[in-house]
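First comes the structure, then the notes that go with it.
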Amino acid sequence: MADHSGDYTGRRYSLLRQLTTQTVQHLTLAWTRELATGMPPLDGPRAPTFTGGEGTGDFAIGRQRIKGAILQVDDVLYVTAPDHVWALDARDGSTIWHYFWKTRGSIHIGNRGAALWRDALFFETPDNYLVSLDARTGKERWHVEIATFEDQYFSTMAPIVVGDHVLAGTGNDLDAPGFLQSFDPRTGERQWIFYTVPMKPGDPGLDTWPSLDAASHGGGQVWVPGVYDPETNYYIFGTGNPTPGYTGVARPGDNLFTCTLIAVDVDTGEMAWYFQTSPHDTHDWDSAQTPILIDGVIDGEPRKLVSTAARNGYFFTVDRVTGEHVATSRYGATANWASHVRESGSPNPDPRKEATIPGALVSPVEGGVTNWQPPAFNPDTGLFYTQENNGFNLLYLTDPDPRGSMGLGGKDRVVVGSGGNAFSAIDYRTGETVWRHPWPPGGGGGSGVLTTAGGVVFTGDGSGNFVAFDAAGGDLLWHTRIGDISNAPQTYLVDGRQHVLVAVGERLYAFVMYGG
């Protein structure tokens, strides 16, 4: 894998076929390796190969979970955690080099992975730098600031390289605008910036906010990687929630372009189309999931499509050339926040489901039916695979000030029940769930998804098991109890054998097929 999802489509679909519905039962552990993701020693035999950063080296870094995609190129694995990058031997997990970034601070919630361009490896740091390393040695080439540390931005996204553009996103949970940027992979010079909310008079979408001030402090952060369509030259990505997050009284309107699927021209940074999945969101249900490009058939006609399963419990398919709505469905079993689906295909928010002083019963819960973990699509089955986490909370308004509360404040919530969690396979054409595997009570997806040409789909069950299903019918084929999966699985070929690699916290597990 040389891209966050294996290729630009976001499908997380591998052409490898050694592992099939018949042979996956022969998977066994090839190697395991625990990485030291906290503050490493800065000298001595255990020190990183290279150290960089703008910090002093005394900011305390605790242990981090490996949450990002792991790249595999020429029998080398590139693994990231906040402030860390490793190059490992794909055969046994041994270290080739290790780079450590001395941070200024910021929120170390996770790192979604790295990107490669020729011999350069790119990654983002929590304190908002885009760093370029020599992929062969781990030596730093350059770093540039991508957002202001003092404004409390923090960066998690895996960069995406398209031609001579490195696309980088960042985020902020207070009251700052979201934006996507493009940088020159040779020098780090910024090529363009695209704001996801209106920033000046006359900007598109300003009429969906009460004022320019509300819009320009309106959020819409860029948390995770998107996808790229070479036929249109569009980069398609999802944006985060508006701010204030829960007290929406001061921002009446749909609040474009928050919680929105957006297509921008990679060469210019100009928006081509948009489709809003959560108008006037008041629940922190980012639409920042990685979407998936699908070459499909609708009503007997071939169509170029893009699909996404959003945190709000709704599944969407739109035309990826025009943004025209194709399908909307509710895949979250208990989602109750929308009064109806608009003619445009966007769900219409029910104002009774906003936080109230006596409390509103709302589903899904704050984390959403899905979250940042990437889904997958298998073109052989025509199915879109995603986690489905269902539950209810009582949402109490604690700040009735008509100006609202900064960031995600102004509310309190109490989780009052689960609707049952599951792993779901969805027909992209209609949004209907074709098969659904319920997780045991207490289980549920914190894991991303991988599917293969061998007809298998891999994920984690949230109860400590790494599992494999028949991609077509949903039968459980194989599992191993290694702990809760913290990233999305990947697969690669080394020495003629197909491996499957997954992370559990700080530890990597590589499986390989023997016999069969």
Side-chain angles (χ1 to χ4, degrees), residues 1-8 12 14 31 33 35-37 40 47-54 64 66-103 110-126 128-146 155-169 181-191 225 228 487-488 490-495 499 501 503 508 510:
M1 300 181 68
D3 178 82
H4 174 264
S5 300
D7 59 25
Y8 284 134
R12 299 195 59 81
S14 170
W31 55 264
R33 166 77 192 280
L35 300 174
T37 61
T49 307
F50 291 103
T51 299
E54 297 285 345
Q64 306 291 318
I66 298 169
K67 295 183 176 181
I70 297 169
L71 304 185
Q72 181 262 333
V73 180
D74 296 332
D75 300 341
V76 177
L77 304 173
Y78 297 99
V79 185
T80 66
D83 300 324
H84 294 268
V85 185
W86 293 266
L88 306 179
D89 190 315
R91 292 175 174 83
D92 60 11
S94 58
T95 299
I96 299 171
W97 55 256
H98 172 206
Y99 176 89
F100 175 68
W101 174 266
K102 291 188 293 183
T103 185
N111 183 282
R112 309 304 177 208
L116 275 167
W117 179 82
R118 300 178 182 175
D119 292 327
L121 187 80
F122 305 96
F123 75 102
E124 295 186 10
T125 70
N128 312 312
Y129 290 88
L130 177 66
V131 183
S132 175
L133 306 178
D134 186 316
R136 298 162 298 184
T137 66
K139 184 177 181 179
E140 184 177 316
R141 299 168 62 237
W142 50 257
H143 66 263
V144 294
E145 189 176 45
I146 60 175
S155 300
T156 64
M157 178 180 144
I160 296 291
V161 179
V162 177
D164 290 337
H165 304 276
V166 182
L167 305 179
Q181 298 176 91
S182 175
F183 296 89
D184 187 321
R186 299 172 184 83
T187 64
E189 181 181 359
R190 191 171 76 182
Q191 298 163 327
Y228 172 67
N487 72 341
Q490 22 265 311
T491 187
Y492 59 89
L493 203 66
V494 63
D495 295 333
H499 289 62
L501 180 67
L508 299 175

Any donor-acceptor N/O pair, Gln64 side chain to Thr37 backbone, under 3.5 Å: no
Work out which heavy atom in Gly113 is nearest to a heavy atom in Pro159; give both atom names and the distance. O-CD, 3.6 Å
Do Gln72 side-chain atoms and Thr491 backbone N/O form a donor-acceptor pair below 3.5 Å? no
Got a sec, which residues hit salt bridge (Lys or Arg N to Asp or Glu O under 4.0 Å) with Arg136, two or more places apart in sequence or on another chain? Asp119, Asp134
Assess whether side-chain contact (heavy atoms from CB on, under 4.5 Å) is satisfied between Tyr99 and Thr80, documenting all intermediate values. CA-CA 10 Å; Tyr99 176 89; Thr80 66; over 6 Å; no
Is Trp142 reaching over with its side chain to a backbone N or O of Arg186, donor-acceptor style, under 3.5 angstrom? yes
Side-chain donor/acceptor of Trp117 to backbone N/O of Gly163, under 3.5 Å: yes
Rounded at 0.5 Å granularity, tell me how far OG1 in Thr51 sits from CG in Asp83. 11.0 Å
State which residues pass side chain to side chain contact (heavy atoms under 4.5 Å, CB included) with Ser182; sequence neighbours excluded, sorted by chain then number. His165, Leu167, Gln191, Trp192
Is the centre of the Trp101 ring less than 6.0 Å from the centre of the Phe123 ring? no
Beyond-backbone contact of Glu140 with Phe50, side-chain heavy atoms, under 4.5 angstrom: no
So which atom in Ala168 and which in Ile146 form the shortest heavy-atom distance, rounded to 0.1 Å? CB-CD1, 4.5 Å
Can you see which heavy atom on Ala114 is nearest to which on Ala158, and at what distance? N-CB, 4.3 Å
Apply side-chain contact (heavy atoms from CB on, under 4.5 Å) to the pair Thr125 and Val131, showing each step before the final yes or no. CA-CA 8 Å; Thr125 70; Val131 183; 3.7 Å; yes
Under the ring-ring contact (aromatic ring centres under 6.0 Å, His included) test, which residues partner Phe183, sequence neighbours left out? none
Residues passing the salt bridge (Lys or Arg N to Asp or Glu O under 4.0 Å) test with Asp495, sequence neighbours excluded, are Arg91
Qualifying residues under salt bridge (Lys or Arg N to Asp or Glu O under 4.0 Å), relative to Glu189, sequence neighbours excluded: none
Going from NZ on Lys139 to OG1 on Thr49, what distance comes out if it is rounded to the nearest 0.5 angstrom? 13.0 Å
With sequence neighbours excluded, tell me which residues meet side chain to side chain contact (heavy atoms under 4.5 Å, CB included) with Asp74. none
Those residues that, when tested against Asn487, pass side chain to side chain donor-acceptor pair (under 3.5 Å) (two or more places apart): none
Who pairs with Glu145 by side chain to side chain donor-acceptor pair (under 3.5 Å), at least two apart in sequence or on another chain? none
Ion pair Arg33/Asp92, N-O distance below 4.0 Å: no
For residues Ile70 and Leu88, determine if any side-chain heavy atom of one lies less than 4.5 Å from a side-chain heavy atom of the other. no
Taking all heavy atoms of Ala503 and all of Leu508, pick out the closest pair and write down the distance. CB-CD2, 3.9 Å
Taking the side chain as everything from C-beta on, heavy atoms only, tell me whether Phe122 gets closer than 4.5 Å to Val85. no
Tightest non-hydrogen contact, residues Gly169 and Glu124, listed as O-OE1, 2.8 Å
Heavy-atom check, side chain of Leu77 versus side chain of Trp86, under 4.5 Å: no
Pairing residues for Ala87 by the side chain to side chain contact (heavy atoms under 4.5 Å, CB included) criterion, not counting sequence neighbours: Val76, Tyr78, Ile96, Trp97
Residues in side chain to side chain donor-acceptor pair (under 3.5 Å) with His98, at least two apart? His84
Which heavy atom of Val144 sits nearest to which heavy atom of Gly188, and what is that distance? CG1-O, 3.6 Å
Taking side chain to side chain contact (heavy atoms under 4.5 Å, CB included) as the definition, give me every residue that meets it alongside Ala488, ordered by chain and number, with sequence neighbours left out. Arg12, Pro374
Residue list, side chain to side chain donor-acceptor pair (under 3.5 Å) with Thr156, at least two apart or on another chain: none
